[in-house]
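Notes to accompany the following structure.
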Amino acid sequence: MGTATGIIKALNSGIKHLAVKRFTLRYPEQKLKFVGDGYQFDPASGVAIAGLKGRHMLFHDHCTGCQLCSIACEGVAEAIAMVKVPDKWGQNAKSIMPQIDYGKCVFCGLCVDACPFYALYMSNDYELSSFTKEGLIYTPAQLQVKPQVQQDSELIIDKRGARHG
Amino acid sequence: MAEQVIPTKKMPPGLQVENVDDRIMTLNVGPQHPGSGHMRIIVKIDGDYIVDADPDPGYVHRGEEKMAESRNYITNIPHLERPVIHDSCNILYPYVLGVEDLVGIEVPERAKYVRVIAAELNRCIYIQYWLAIYGIFLGHSTMFMWPAGDRELLIDLMEKITGARVTHAYFIPGGVRNDVPANFEDVCLRQVNYFEKRIKEYADIFYDNPILKARTEDTGVLSREDAIRLGTTGSVLRASGVDYDLRIKEPYDVYDELDVHTNVLKAGDSYARSKIPWLDMLESCNIIRQALEKMPKSGSIRTKLKPNPKGREDEVYRRVESGRGSAGCHIISRGKPEPYRLKLSVSSFRNLIALPYLLKGEKLGNMPAVYWSLNYWPVEADR
Ligand code: SF4
Ligand code: SF4
């Protein structure tokens with residue numbers, strides 16, 4: 001192939017793209033849709049359920065304060081600290097629950113795998129930025145809140161190419 | 001002029017005072033990112049020609065191997081994939097295979113297929129990122145945008161499977177951590193087919209582009225003998241005409257049940273080295289399609305491990321074909337929950353050894369084309 005034809009072919013290949021829809025996701029106006037409700041683990045079967053590994057969800061009525069999540073995280077990021085909670089729960093004699101520092105957490109989900117009481121899951125919330133380091137530390141009360149996440153865009157593939165919409 | 005006294009004390013590389021030649025100039029390329037990737041290449045140039053090149057890696061050393069000695073076999077997983085976050089499944093693969101040997105557990109059939117799919121997706125994600133940077137190294141900004149955009153198709157798939165976009169922490173001794181979501185086969189097939197169609201379009205704009213060819217053909221030629229002698233692996237080895245792919249030579253998991261072809265080119269120049277990964281991506285698409293077809297539709301995906309598994313007293317070495325070449329993991333176990341010693345044998349470091357040979361006699365302007373064609377990932381080499 002001659003040099004001229006080669007260059008024309010290359011240019012042509014780029015020009016064809018003018019007709020293709022833009023692929024970029026227009027964050028934050030558009031936000032991606034995820035499968036499921038976040039990463040969860042079923043200790044009975046020993047298998048997890050697929051989902052986004054985002055901010056954790058703590059179920060106060062299940063947590064027994066057994067510290068297994070914090071032990072699992074010790075080898076990973078030391079992001080979990082066990083803190084006292086004011087309310088009394090029957091199953092939680094010591095009244096301690098995990099507090100997670102998202103400045104350290106790497107979102108591996110091993111703490112979720114370690115929890116034997118269905119108390120710790122991960123949610124679809126990934127927008128955790130904060131102006132201060134302290135703002136990244138989520139107390140058990142904050143972890144209890146179910147996040148409201150906007151999810152409206154999906155990957156669409158059709159004749160005009162792939163796009164988010 | 002009085003004779004200059006030059007101290008001869010042994011100093012670290014790059015710090016010693018050298019005898020200065022009027023003609024030869026020493027240049028430090030790096031270690032900041034653009035163009036070297038957190039690594040310094042000390043090049044000596046005579047006019048525009050490189051007379052000597054000395055790669056100096058180590059700027060992003062994180063002590064992954066040492067860290068592994070104080071963590072148990074499971075909590076090692078998230079940090080062992082840090083050396084190559086874009087190829088995190090493949091860098092973790094040999095470790096997981098090794099631990100399975102040590103602990104002595106079987107992996108369910110379906111998990112093996114899921115692993116192969118995840119590993120191949122990851123290989124493409126890595127290569128796309130590498131290709132994007134190769135494009136920008138050569139001043140071809142379209143080739144930066146396209147791969148960076150198209151890899152999103154596969155990142156989206158990985159996110160659906162593993163829940164994370166880059167560092168997946170998905171493989172675990174005994175299988176994988178979670179099953180693929182419902183309806184995954186269709187979505188995967190659709191996105192992989194479109195991805196394949198897209199990467200075929202790179203031929204016109206990049207690989208058949210006469211400007212790229214003029215830039216990369218016959219630069220940094222590595223002969224077949226030298227490639228073997230220097231111990232290069234993966235795409236660099238295959239670009240020099242050696243047909244060696246661990247997926248075929250030492251099949252792990254279910255690669256022996258799949259029809260895997262390797263791509264071999266004879267030329268051994270930068271162009272061949274940059275083309276092999278692209279051909280590998282096309283092959284990966286084939287492998288993914290085969291694996292999706294052959295995968296058992298249901299079944300277990302993880303053999304349950306004891307909470308703190310102990311390896312038997314032994315040592316294992318397992319290796320896999322990663323996006324760059326052979327990635328190996330040597331684990332010595334003394335019967336404890338932690339490895340006694342863990343060593344990663346990574347292809348980046350082995351391929352880097354070829355760099356001084358390839359750069360000698362090249363023009364300085366060709367340095368990026370040669371350097372990045374070695375499929376080098378600085379963080380992996382430093383570990
Ligand atoms: S996700 Fe990983 S890093 Fe984060 S708190 Fe859990 S175990 Fe620690
Ligand atoms: S979250 Fe689970 S693992 Fe952590 S303390 Fe509560 S019950 Fe134990």
Side-chain angles (χ1 to χ4, degrees), chain A residues 1-14 16-17 20 22-25 32-36 38-43 45-54 68 71-77 105-110 112-114 116 122 124 126 154-155 157-158 161-162 164, chain B residues 67 70-72 74-79 81-82 142 146 149-150 152-153 156-157 159-165 167-169 172 174-184 187 190-191 193-195 198 201-206 208-214 300-305 307 338:
Chain A
M1 190 166 52
T3 308
T5 30
I7 291 176
I8 288 167
K9 271 182 90 174
L11 282 176
N12 189 32
S13 165
K16 268 193 281 180
H17 267 255
V20 175
R22 177 175 46 213
F23 181 59
T24 324
L25 176 82
L32 265 187
K33 202 175 201 158
F34 303 114
V35 295
Y39 180 80
Q40 305 178 354
F41 186 75
D42 180 11
S45 61
V47 195
I49 299 154
L52 188 82
K53 289 185 188 136
L68 284 177
I71 293 168
C73 193
E74 251 165 42
V76 183
C105 175
V106 297
F107 301 95
C108 62
L110 286 182
V112 177
D113 290 16
M122 285 170 123
N124 280 334
Y126 53 92
E154 258 188 311
L155 239 169
I157 297 174
D158 56 19
H164 289 100
Chain B
M67 263 160 69
S70 55
R71 283 156 168 79
N72 70 29
I74 304 296
T75 47
N76 262 334
I77 288 173
H79 80 86
E81 59 181 16
R82 284 317 188 263
T142 311
W146 286 14
D150 293 333
E152 201 68 18
L153 291 160
D156 183 72
L157 285 176
E159 181 206 282
K160 285 194 167 76
I161 313 178
T162 69
R165 288 167 63 83
T167 46
H168 314 296
I172 202 153
V176 289
R177 283 174 63 186
N178 56 268
D179 208 340
V180 295
N183 201 18
F184 173 75
V187 179
R190 190 180 61 134
Q191 267 162 243
N193 284 343
Y194 180 73
F195 175 77
R198 282 287 304 148
E201 287 179 28
Y202 297 178
D204 271 354
I205 204 159
F206 196 65
D208 291 342
N209 191 332
I211 302 171
L212 177 96
K213 284 189 162 178
S300 154
I301 48 122
R302 179 172 175 184
T303 315
K304 222 173 173 181
L305 267 179
E338 308 88 28

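Nothing here was measured: the structure is a model prediction, and the numbers come from that model. Note that these values count all heavy atoms, side chains included, but never hydrogens, waters or copies made by symmetry. Proteins get letters first, then strands, A, B, ... in listed order; numbering begins at 1 in each.
The greatest number of non-hydrogen atom pairs below 4.5 Å with chain B, out of A:Val47, A:Leu110, A:Val76, is found for A:Leu110. When B:Thr142, B:Thr167, B:Asn76, B:Asn178 are compared by the number of non-hydrogen pairs under 4.5 Å with chain A, B:Asn178 comes out ahead. Among B:Pro181, B:Ser300, B:Ala214, the residue making the largest number of heavy-atom pairs under 4.5 Å with chain A is B:Pro181. In terms of non-hydrogen atom pairs under 4.5 Å with chain A, the most contact-rich of B:His79, B:Glu159, B:His168, B:Met67 is B:Glu159.
Inter-residue side-chain proximity for B:Glu201 and A:Lys16 is flagged as unmet; no heavy-atom pair is nearer than 4.5 Å. Contact annotation: the side chain of A:Leu32 approaches that of B:Arg165 to within less than 4.5 Å [non-hydrogen atoms, C-beta and beyond]. Between B:Lys213 and A:Thr3 the shortest side-chain heavy-atom distance does not fall below 4.5 Å.
B:Tyr202 meets the side chain to side chain donor-acceptor pair (under 3.5 Å) test with B:Gln128, B:Asp150; sequence neighbours excluded.
Atom CG of residue A:Asn12 and atom CD1 of residue B:Ile205 lie 9.5 Å apart, to the nearest 0.5 angstrom. Note: B:Leu157 CG to A:Leu155 CG = 8.5 Å, rounded to the nearest 0.5 Å. To the nearest 0.5 angstrom, B:Thr162 atom OG1 is 9.0 Å from A:Leu52 atom CG. Note: B:Ile172 CD1 to A:Asp113 CG = 6.0 Å, rounded to the nearest 0.5 Å. Rounded to the nearest 0.5 angstrom, A:Leu11 CG and B:Asn209 CG are separated by 8.5 Å.
Proximity to chain A involves both the backbone and the side chain of B:Leu153, based on heavy atoms less than 4.5 angstrom apart. Using a 4.5 Å cut-off between heavy atoms, B:Asp156 touches chain A through its side chain atoms alone. Using a 4.5 Å cut-off between heavy atoms, B:Arg302 contacts chain A through its side chain alone, with no backbone atom that close. Only the side chain of B:Ile301 has a heavy atom closer than 4.5 Å to any heavy atom of chain A.
The main-chain N or O of A:Ala162 is found under 3.5 Å from a side-chain atom of B:Tyr194 such that the two form a donor-acceptor pair. The backbone N or O of A:Ala50 sits nowhere less than 3.5 Å from a side-chain atom of B:Lys160 that would complete a donor-acceptor pair.
A salt bridge is absent between A:Lys9 and B:Asp208; no separation between the charged side-chain nitrogens and carboxylate oxygens falls under 4.0 Å.
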